[in-house]
Every structure is written in structure tokens, then in C-alpha cells.
There are 2 protein chains.
Amino acid sequence: MENLSTRHVRVLQAVVENYIRTGEPVGSRTLARSPGFKLSPATLRNVMADLEEYGYLCQPHTSAGRIPTDLGFRFYVNHLSGPSEIPSAAQRKIRERLEMSDGRLEEILHDGVLTLAQLTPYVGVVSLPDFRRMVVRHIRFVKLAGHRILAIIVALGGTVQNVLFESDTELSQDQLNRYSNYLNSLLGELTLNGVKRKILEEMAGDKRGYDELFAQVLALSQNLFQQKEVLGGDVMLDGKLNLLEHPEFADVERMKEIFKAFEEKGTILKILDDALEGEQLRVVIGSESHARELRHCSLVTAAYGRPGEVLGQVGVIGPTRMDYSRIIPLVNYLANVMSQRLTS
Amino acid sequence: MENLSTRHVRVLQAVVENYIRTGEPVGSRTLARSPGFKLSPATLRNVMADLEEYGYLCQPHTSAGRIPTDLGFRFYVNHLSGPSEIPSAAQRKIRERLEMSDGRLEEILHDGVLTLAQLTPYVGVVSLPDFRRMVVRHIRFVKLAGHRILAIIVALGGTVQNVLFESDTELSQDQLNRYSNYLNSLLGELTLNGVKRKILEEMAGDKRGYDELFAQVLALSQNLFQQKEVLGGDVMLDGKLNLLEHPEFADVERMKEIFKAFEEKGTILKILDDALEGEQLRVVIGSESHARELRHCSLVTAAYGRPGEVLGQVGVIGPTRMDYSRIIPLVNYLANVMSQRLTS
DNA sequence: CGTTAGCACTCATCGCCTTGGAGTGCTAAC
DNA sequence: GTTAGCACTCCAAGGCGATGAGTGCTAACG
């Protein structure tokens, strides 16, 4: 950092917090009046001019106060926003909501985003997990008409996902039962991907030579694994309406852009997927997302799943003027509860 | 009708069609210029004044042209909008889309609203069916952990719905198999409700005296029937973004109201459920819905299911200034294709 | 008697200007 | 280094008049 003095830092912090609170550009006068500042407006103007030069602040127009740039928010998030306490009411609500939800994966995720949408004035978002990475307790196949098969995948926490798919040949329920027994015998603490790998290894190792059962289970899994419910690659949103309450989105054009991003989902999914391996919590501020439509939005997301086995990301989307110090711990907490619910 | 002359009717029709096309209030001058009118603006003004008095037209302000009232649109829809042809491209798209979708109920419905959202500049909407009214081919129970059971309900058209629920006591898979065999033996051309009734009748008739199996299947069904996936009572929307393109929704406040109605769903569900028994197609114009938030919107919906067995309603929500003559046959067609897909 | 031309009137919209106020940068004094 | 003062910029809001679309009314016309 361009060797910011403590004074610079304090001013930056004050500007950011003021702006987060009011949504108005903050001027030297207001700042001087805020408690804890013994400096005159003129001095503050100098300091703020410095901060503008460094790129942390900017002015909407010449004679307005300053607002933080994305960089300014970034500095604030990285260095200035101490983790605040999560109100116990919010904690309780999160826990209750997630304990109440039935075991279907979608229901749990939905409850997660719903809770976020209710606890914050922003949009709750969650990416659907790649089921192939989940530790699976057992799989069951149910024959429907013709080639259609319903797979019921029960993951570690009792989470259930069912997937409809087709097999290449018509299989009887008996056959399906044998397949699923076989698959289940392989499942220990393995993920679906792990199972697949194991099958392939055993085949390659030629331990048992060519095995009819092997081949057919493999063929079946191939089809199963291609279904989008297994692949993930979708996001769920809730509380879009919340955004309409924020003055910065009063502009119809801007609103349209963002809602378009919400509807398409691809953009958001991409941002969520950008999360680095092993990164628990992530804040993407404004243009950091490199998505034009979301350049006025920030995302606070956390990975859910379990250590080393990330299933997806959950968090909120809001204006860059977001109450980071409140939201960050909240999202983090929710992700933890969700993780427990899904994998314990 | 207040004995409208053919002239009155022709003028009303012209005003409505003009307004639907342009979205602007239409004045006497523009009307006089439109082909087929040999009358002077002055005469038209008199006619329009009559129509205003009767309540079919109104003026946004004193010196603007006329726009149709809800009543005006109603008259137009009832008497003046001849059923137009559905472009074969649209027909093809609808058929292809619905044939492509896999057999899950939700997927089919989703494809339905998606298609509407793509073929029209409005919002596609569908109410989830009450599964109790569907003719069911068979039911299968799968035991999960503890008391949890997954019911797989396969309806007539191969549609699959799965429902997670809990039983009062822990049941083995064997027991569940017996139950489902028993249930399936009862299912002929019966709806779920029908099955329930039959069970109750047989019990009441005391044909077999007290039967353990009976009782337990009944208890199980009770729990199953309470699940929301079975009950229906939800709506699915798509293409909300389309509405943003319409000038009448450029106003943020109005937009908010409508989106709120979309998010809550209760309002919309209520309107859809208001459909009269046996009514195939329905047009609700503006305030006819008695829902404040939707007073600027019209709904065109059609029942899907099969004759005498309505499963739900599917259609579009748009501004009262909607292209009724195009939309009505379109929605009707889609409902028919959906019905076939679901029940044949 | 229905139709039409003419006219005075209304009202939203637009551009233009003014005013007020908030905030800035700069300079000079402390 | 800090601060007071001042000239300056610029947005927002309000007033004003011109414009133009459209109306209702009346009187003349065929």
C-alpha cells in the first residue's frame, strides 16, 4: 500500500463506514463533524485528495463528496472490517431453518438462500453441488417404464437426490438391484468420483479380468453421471426483490442488467466457480468479478461441504455498498451450518 | 351492453388494437387516418366520448387520447378478438420442447413456462398440480434412513414425482414393498384421491373386517398426502425479465409491486385457483383479479390435465395491454400439448 | 339530423434559466 | 502542519414559456 499514514487509514475507514450507512457521498464537513475527528474540514480535504489520488476514493462529480472505489472497499474488507458478532437471533434462525428442512438436497439449499434473503437486505445465492464429489452412503436404482431409471442417491448427511436417466438397454428391477448392491459394496467413505475411479482401476488392473457386472455398472454410471442433477452447474437465488429497496438500483437500466445476470445464471455460476481451492470465504467487490452486469455488485460467499471436499458456494449478492462486517461472519456461519447438515 | 351501434363497436376495436400495438393513448386524429375510417376526427370524438361515458375508454389526462379501460379490453376479448392462427414455428417449438423434456413433472412444467416466456414478451406461469387428482400408474416406496421414506409416484404419461416423507413407525423395505404392491393392485384408472376413497370405502364396508395391511397403508398414505409436492399449491414462473421491456412497467414502484406478487406467489396462486370448474380457457384483465399488485396485469391461462380432471393452470402474465388475439390461442395450444404429455 | 369545420381551451412535455446548497481546491495566515 | 476564507463548480429543484397533441363545444353544411 502506498504507505498510508494511520490518519489516511482512519479517514478511509470513516468514509467507507459512513457511505455504507447512508449511501450518500461523504464530504469533508460531515466527516469533520463525526465523533473522534479533531481535524478541520480543510485538513480532511487534503487527506481525502490523497486517498483519491491513490485510487481508494472517487467523486461522482466535481462538487460532491467522496465515495469509496472498489479498491477502497477492498482495503476496508481486508484490513479494517473487524469480524463482528453474529446476533444470536440470527444464529438461532439459521440453525432452526436448516434443521427443519427435510433431507432433500434442493430443499436444504433452498432454505439456506431463503434464510440469507431474510436476514439480509441482499440476494441469497448458492451453487448446486457437483454430486460426484459427495461422499455417498448408498445408491438405489428403481426401474420405471422402458429404459428409464430413477437413481436415488443418499449422501452422508441423509441428503437425498434423485436423478432420472435412461439406460442403453432395458434392465429388470432384479438386475438393477444387483447393480446397486454391487455399487453400494464399493461405497465406503468414497465420493461418486472415487467410486468411478475405483471401478476403473480394478478393471485396468485386470484383477478380475473382464467382468460383465463391472461393465454394465460402469455403463450405467456413465449415463447417470451425465445428468445435470449430478453435475451441478446451476445456481439458486432468492430475495431478488431485496435489491429493489436499495437506492443505487433505482435506475431501471441498471436493474435490468442485474436481473438479466440473475436469469441467465451462467455469469454468476462462473464467478462462484472461480473460488480458489481451499479458500473458505471470499469477497468479490464490484468489477473484481469481471462481469459487466455485476460491476455494481459485491458477492460474499463461503464454501460449503467439508474440508478438502468443497461441494459448492453459498452467500449473498448485494451492492458494493454492502455491510461487509455484518455479512461476512453471517455467511460464514451459515455455510458452516449447511455443511454440517449435509455431511455429518 | 348499452346498445352499442356497430360504429361504436368498430371504433372501440380500432382504439384497442391501436393501443395494443403502440402503447400510446390514441386520439381522434390518428384514428381518422387509420384505413377503413371515413369519418372525420370530430365525429370520432363524439363516438369516443360515448364510449368513455359507457366506461370502455378513459383518458390518462384531459388533453390526451383515449386508452381502453379493463372493461374495454373485456369487451374486446369477448366479442372482437377473433382467434388467430398460431404460427407453425411456434407450434413446432412447443411440441419439440415438451417432447424433449424428461419425464419428471417439474421438468415438463418448467419447459412449459420457459416456452411461453420465449414465445411471448410476457411471463410464463404454471400452477403445480394437485397430485391427488392425477391418475397414477404405480407407486413405489423406498426406505431411507430411519423413518424416512421416498415415494416414487408414476402417473399415467410416465410422469414421475418423488416425495420424501416420514412414517410414524420404522418400516422395513420388505414391508414397504408389500404396501406398494397392495396399493398398486388397487390402482387401475384411479386417481390418488380415488384410491384413498376406495380404501376407506372398503374399510367402512367392513368387507374384510379389520385388516392390518389396510390400516398401515392408510396411515402411510396420510403422511404421504400431506406433503406439499403432492398437494400442489405452488406456482412456477419464468421470463419475469420480459416485463421490464414494456414501457408501462418502466416505473420502479409499479415494477416492485408486481415483482413482490411474483415472489410471494400466494396472490397468483389464488387467481389461478379461481378458475371455474370446467372452464378451459380464462382471461383475467387488470383489476378483475381483485389483486392490487396485479391491477395493471392480465392473465391468460388454460387448464391442463384432461377433461373433467384439471391438474392445474398454465398461461402468461403480462400488461393489460396484451396481444390477446395472439396469446389466447397460443396458451390454449400449449395447454393441450402439455396435457397430452402428462396424461396420455 | 347526422356530419363536419373551426375555435378556444387544457394539459403534459421539453428546454431554458435561475436559485440554492453542498462541496471542492487553492491560498494565505496562524 | 493546520486552518480560515474565498472563489469556483456542479447538481437538484423550481419557475417559465413555447410547443403540440388532443379535447369539447358550437355553428354551419348537405
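By convention in this document, chain letters (A, B, ...) are assigned in the order of the sequence lines, proteins followed by strands, and residues within each chain are numbered from 1.
Using a cut-off of 4.0 Å between Lys/Arg side-chain N and Asp/Glu carboxylate O, A/Glu288 and A/Arg74 are scored as salt-bridged. Using a cut-off of 4.0 Å between Lys/Arg side-chain N and Asp/Glu carboxylate O, A/Lys260 and A/Glu257 are scored as not salt-bridged.
A heavy-atom distance below 4.0 Å to DNA chain D is reached by these residues of residues 60-71 of chain B, ordered by number: B/Thr62, B/Ser63, B/Ala64, B/Gly65, B/Arg66.
A/Val126 and A/Leu272 make their closest contact through C-CD1, 4.5 Å (heavy atoms, listed as atom of the first residue, atom of the second, distance). Closest approach of A/Lys265 and A/Val235 over heavy atoms only: NZ-O, 3.3 Å. What you find for A/Gly239 and A/Val123 is that their closest heavy atoms are O-CG2, 3.6 Å. Contact record, B/Glu293 with B/Ala261: CB-CB, 4.0 Å, taken as the closest heavy-atom pair.
Atom CG of A/Leu31 and atom P of D/dT3 are 13 Å apart (whole Å). Rounded to a whole Å, the CG atom of A/Leu39 is 11 Å from the C1' atom of D/dG1.
The environment of NZ in B/Lys270 is sparse: at most 12 heavy-atom neighbours from other residues, nucleotides or ligands sit within 6.0 Å.
Here A/Phe73 and A/Tyr76 keep their ring centres 6.0 angstrom or further from each other. The distance between the ring centers of A/Tyr56 and A/His8 does not fall below 6.0 angstrom. Taking the six-membered ring wherever Trp is involved, the centroid distance between the rings of B/Phe259 and A/Phe259 falls below 6.0 Å. Ring pair A/His246/A/Tyr122: centre-to-centre distance below 6.0 Å.
Nucleotides of DNA chain C nearest to B/Pro41 and A/Gln59 differ in position, and the one nearer the 5' end is that of B/Pro41. Along DNA chain C, the nucleotide nearest A/Ala49 and the nucleotide nearest B/Ala42 are compared for position; the residue whose nucleotide lies closer to the 5' end is B/Ala42.
Contact check, A/Ser40 against D/dT2: no side-chain N or O comes under 4.0 Å of OP1 or OP2.
A nucleotide of DNA chain C counts as in contact with chain A when one of its atoms lies under 4.0 Å from a heavy atom; the first and last such, 5' to 3', are C/dA22 to C/dG25.
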Base-pair string, DNA chain C, Watson-Crick plus G-U, cut-off 3.5 Å on both distances, | for inter-strand, is ||||||||||||||||||||||||||||||
